[in-house]
**Q** 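The structure under discussion is supplied below as structure tokens; questions concerning it will follow.
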Amino acid sequence: MRRLSTIVASVGHDTSPAGSAWVSVALSFQGLKALGVPQESLNSFPPEFQQGMAARAKELGDTGESAPEKWEKPLGTPDVHIALIALSPNIQQLESELDRARKTYQELNGIKAIWRQDCYASANGKEPFGFRDGISHPAVEGSEIPGTNPREQPLKAGEFVLGYKDEIGGYAPMPQPEILGRNGTYVVFRKLHQRVAAFRKYLKANSSRPEEEELLGAKMMGRWSSGAPLALCPQHDDPELGADPKRNNDFLFKDTDPKGFLTPLGSHIRRMNPRDTLGDRTIVNLHRMIRRGTNYGPPLREGVLEDDGVDRGLMFAFVGAHLRRQFEFVQSEWVNDGLFVGAKDEKDPIAGANDEVESRFTVPRHPVRRCLLNLPRFVVTRGGEYCFMPGIRAIRWLAELNT
Ligand code: HEM
């Protein structure tokens with residue numbers, strides 16, 4: 001922890017103290033325990049964090065093929081203690097930083113790398129199903145980073161960083177002692193396998209023309225593959241709009257599309273951020289998240305409809321101060337339930353735990369809505385963990401523990 005405290009960047013850094021990689025560190029509950037964090041302090045972490053992700057499988061919809069028993073080992077076991085995230089502009093720089101890191105931890109007793117996942121940002125910004133990702137993010141008050149949606153107010157810093165006021169005017173419960181909790185946050189990482197061939201096949205089987213396939217995919221996502229939102233161009237894709245960060249997230253839903261004729265109420269982006277659909281914006285603001293998806297595995301060649309058996313998908317990362325009311329709420333109520341959009345039996349068509357038998361997705365349409373049936377599961381959880389990302393002073397405090 002002492003060595004890490006010198007290479008992890010703080011908000012104040014313009015360049016990374018680690019050289020050509022940005023390094024972040026996050027610890028699981030088991031990791032904090034292994035470091036000798038006192039029991040009283042361990043008890044001050046929220047119960048869902050103490051339990052770890054595998055124990056929350058039912059709440060998260062990690063059942064059947066996504067159940068922890070089927071996860072890639074050692075994910076979901078008490079052996080996962082620390083997650084190190086290294087980000088570099090290219091593979092050569094990443095490898096040279098990793099070499100350096102390896103030399104360091106190989107000298108240390110009791111430290112072993114037990115899992116590694118290589119991921120990359122694709123050149124066109126698209127995730128494996130073929131949609132541009134990384135468009136919509138909440139603005140954070142005081143960060144001075146402009147928001148992606150000019151119609152949304154920045155959220156209070158306490159939604160994302162412990163020790164600051166949040167949207168309800170209070171403070172998220174902070175792990176004790178204060179030096180450990182302050183400026184920390186929670187990180188959820190999940191390895192999500194994507195069934196790209198099955199997704200393409202489903203679109204094809206439920207469309208009579210290629211343009212219809214494109215539209216159906218857009219209805220499920222809420223955006224066209226270029227990232228252009230249905231809310232602003234409902235009839236056809238508009239790559240220029242999709243690539244324009246000033247316009248591609250500049251919309252709300254309530255006044256222009258209350259019933260989802262443009263962007264279905266059950267589409268992925270409208271579920272994940274209903275914006276003003278639910279009337280009271282403060283409710284939605286309690287369930288926002290900082291989110292990053294990074295691809296892993298080679299892309300499936302365009303036009304291929306048969307599964308090639310290769311593992312591909314995205315590493316999903318959530319960052320926020322409230323595991324329960326942010327990540328777990330969204331995953332259980334908005335991804336895997338449809339009650340809030342008036343479709344109690346429907347789940348998210350992209351990321352939901354659909355089952356091919358009873359699962360459906362409704363596309364509002366004039367004169368009659370379209371109901372898509374037998375929706376298979378396109379995303380399977382391969383593992384993940386709940387972690388605590390300490391601030392720099394907390395990393396130093398952890399380094400000084402007398403264990
Ligand atoms: C493999 C599974 C997933 C894929 C392929 C996927 C893909 C996408 C894409 C393409 C977008 C639109 C681009 C953007 O707005 O930045 C998006 C938005 C979003 N996704 Fe996902 N996603 C997945 C899983 C999840 C999960 C599990 C969650 C949360 C628990 C989530 C939360 C969000 C949020 C919050 C947004 C932004 C919505 C907005 O503000 O309009 N996604 N996702």
Side-chain angles (χ1 to χ4, degrees), residues 53 56 59-62 66 119 121-122 124-139 147-149 151-152 155 159-160 187-196 198-199 217-218 220-232 242-243 245 248-253 263 267-277 281 284-297 299-300 311-320 323-337 347-354 377-382 384 386:
M53 187 186 284
R56 308 291 291 168
E59 285 80 2
L60 301 179
D62 287 336
S66 290
C119 340
S122 64
N124 57 12
K126 293 187 177 178
E127 51 71 42
F129 289 143
F131 296 91
R132 182 194 290 265
D133 201 356
I135 297 172
S136 176
H137 304 291
T148 56
N149 186 344
R151 295 161 202 256
E152 283 178 350
L155 298 180
E159 289 298 309
F160 306 108
V187 177
V188 173
F189 77 88
R190 274 161 91 68
K191 180 171 178 177
L192 300 177
H193 167 69
Q194 290 177 244
R195 293 185 164 145
V196 178
F199 182 69
M220 290 162 95
M221 182 55 79
R223 290 184 184 271
W224 298 92
S225 83
S226 75
L230 285 174
L232 299 182
N248 63 12
N249 202 31
D250 184 3
F251 60 93
L252 297 173
F253 294 122
T263 313
S267 62
H268 181 62
I269 68 156
R270 195 154 176 175
R271 281 174 171 268
M272 296 300 94
N273 180 8
R275 302 183 187 216
D276 57 346
T277 308
R281 291 291 289 281
V284 172
N285 287 347
L286 300 183
H287 310 297
R288 303 294 305 280
M289 60 183 73
I290 290 178
R291 159 194 68 100
R292 290 290 183 277
T294 316
N295 300 7
Y296 75 85
L300 185 64
D311 190 15
R312 60 174 61 83
L314 55 83
M315 285 299 293
F316 169 90
F318 153 101
V319 175
L323 278 178
R324 192 141 194 185
R325 85 153 149 80
Q326 293 171 327
F327 175 69
E328 290 199 342
F329 178 91
V330 171
Q331 181 68 29
S332 64
E333 305 297 317
W334 290 357
V335 173
N336 283 323
D337 199 335
K347 299 180 168 65
D348 188 308
I350 303 284
N354 291 305
R377 186 175 202 144
F378 297 122
V379 172
V380 179
T381 313
R382 288 272 153 93
Y386 288 167

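Here the structure is a predicted model, which means the values were calculated and not measured. Order of appearance sets the numbers: ligands from 1, and atoms from 1 within every ligand.
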**Q** Check whether any side-chain heavy atom of Gln194 lies under 4.5 Å from a side-chain heavy atom of Phe129, and answer yes or no.
**A**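 Yes; the side chains approach each other to less than 4.5 Å.
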**Q** Among all protein heavy atoms, pick the one closest to atom 16 (O) of ligand 1 and tell me residue, atom and distance.
**A**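 Of the protein heavy atoms, Ile135 N, 2.5 Å lies nearest.
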**Q** Determine whether Arg382 and Asp311 satisfy the following criterion, salt bridge (charged side-chain N to carboxylate O under 4.0 Å, His left out), listing intermediate values before the conclusion.
**A** CA-CA 10 Å; Arg382 288 272 153 93; Asp311 190 15; 2.9 Å; yes
**Q** Does ligand 1 have an atom that lies less than 4.0 angstrom from a heavy atom of Arg132?
**A**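 Checking ligand 1 against Arg132, which is what was asked, there is a heavy-atom contact under 4.0 Å.
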**Q** Can you tell me which N/O/S atom of His268 has the shortest distance to atom 21 (Fe) of ligand 1?
**A**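 Going by distance to atom 21 (Fe) of ligand 1, the closest N, O or S atom in His268 is NE2.
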**Q** Do Phe316 and Phe318 have their ring centres less than 6.0 Å from each other?
**A**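 Between Phe316 and Phe318, the centre distance exceeds or equals 6.0 Å.
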**Q** Less than 4.0 Å is my threshold; does some heavy atom of Arg275 fall inside it relative to ligand 1?
**A**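 Yes; Arg275 lies near enough to ligand 1 that a heavy-atom distance drops under 4.0 Å.
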**Q** Do Gln331 and ligand 1 have an N or O pair less than 3.5 Å apart?
**A**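 No.
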**Q** For a quick check under 3.5 Å, do Arg271 and Asn336 share a side-chain donor-acceptor pair by atom type?
**A**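 Note: Arg271 and Asn336 side chains miss the donor-acceptor criterion.
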**Q** Please examine the side chains of Gln326 and Glu159, heavy atoms only from C-beta on, and report whether any two atoms are closer than 4.5 Å.
**A**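 Sidechains of Gln326 and Glu159: in contact.
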**Q** How far is atom 37 (C) of ligand 1 from its nearest protein heavy atom, and which residue and atom name does that atom have?
**A**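 Answer, as residue, atom name and distance: Arg291 NH2, 3.5 Å.
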**Q** Is Gly134 near ligand 1, meaning one of its heavy atoms is under 4.0 Å from it?
**A**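 Heavy atoms of Gly134 do come under 4.0 Å of ligand 1.
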**Q** Given side chains that start at C-beta, do those of Trp334 and Arg270 come closer than 4.5 Å, heavy atoms only?
**A**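 No; the side chains remain at least 4.5 Å from each other.
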